[in-house]
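The block underneath contains the structure these notes are about, expressed in structure tokens.
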Amino acid sequence: LSSKVDTIIIMSGDSDFVELVRYLKFDGVRVEIAAVKSTTAQILREEASYYHEITKQDWFEYKAPKGKKK
């Protein structure tokens, strides 16, 4: 896939993705990581082209209309 895309977004903080990030960047792909900072490996944040910290402001919660069951 790397030859067909400009950017890949990985939504994980697992350090197992570091080698993939390095490979993709070497292949010219921009790699963005979106993850919760407290559970994201520092090395993954450093290797990424861009890191977006997921915070509580990014969360959403579905609330059923009143009178309806969830």
* To do: Apply salt bridge (charged side-chain N to carboxylate O under 4.0 Å, His left out) to the pair Arg30 and Glu32, showing each step before the final yes or no.
  => CA-CA 7 Å; Arg30 177 181 169 89; Glu32 300 183 11; 2.8 Å; yes
* Asked: Going by heavy atoms in the side chains, are Leu44 and Phe17 under 4.5 Å from each other?
  -> yes
* If we only count heavy atoms from C-beta on, is the Tyr51 to Glu53 side-chain gap below 4.5 Å? -> yes
* Asked: Which value, rounded to the nearest 0.5 Å, describes the distance between Ser49 atom OG and Ile9 atom CD1?
  -> 11.0 Å
* Closest heavy-atom pair and its distance - Glu47, Lys25 -> O-NZ, 2.7 Å
* **Min side-chain heavy-atom separation Thr7-Val29 under 4.5 Å** => no
* Would you say Leu20 and Ile10 make side-chain contact, with heavy atoms under 4.5 Å? -> yes
* To do: Please check if Ile8 and Ile43 belong to a single hydrophobic cluster, counting links between Ile, Leu, Val, Met, Phe, Trp and Tyr side chain heavy atoms closer than 4.5 Å.
  => yes
* To do: Considering non-hydrogen atoms only, spot the tightest contact between Ile33 and Ser12 and give its length.
  => CG2-O, 3.4 Å
* Are Met11 and Val21 in one and the same hydrophobic cluster, where Ile, Leu, Val, Met, Phe, Trp and Tyr link if side-chain heavy atoms are under 4.5 Å apart? -> no
* Kindly indicate whether the side chain of His52, heavy atoms from C-beta on, has any atom under 4.5 Å from the side chain of Asp58. => yes
* Is Tyr50 reachable from Val5 through a run of hydrophobic residues whose side-chain heavy atoms are each under 4.5 Å from the next? -> no
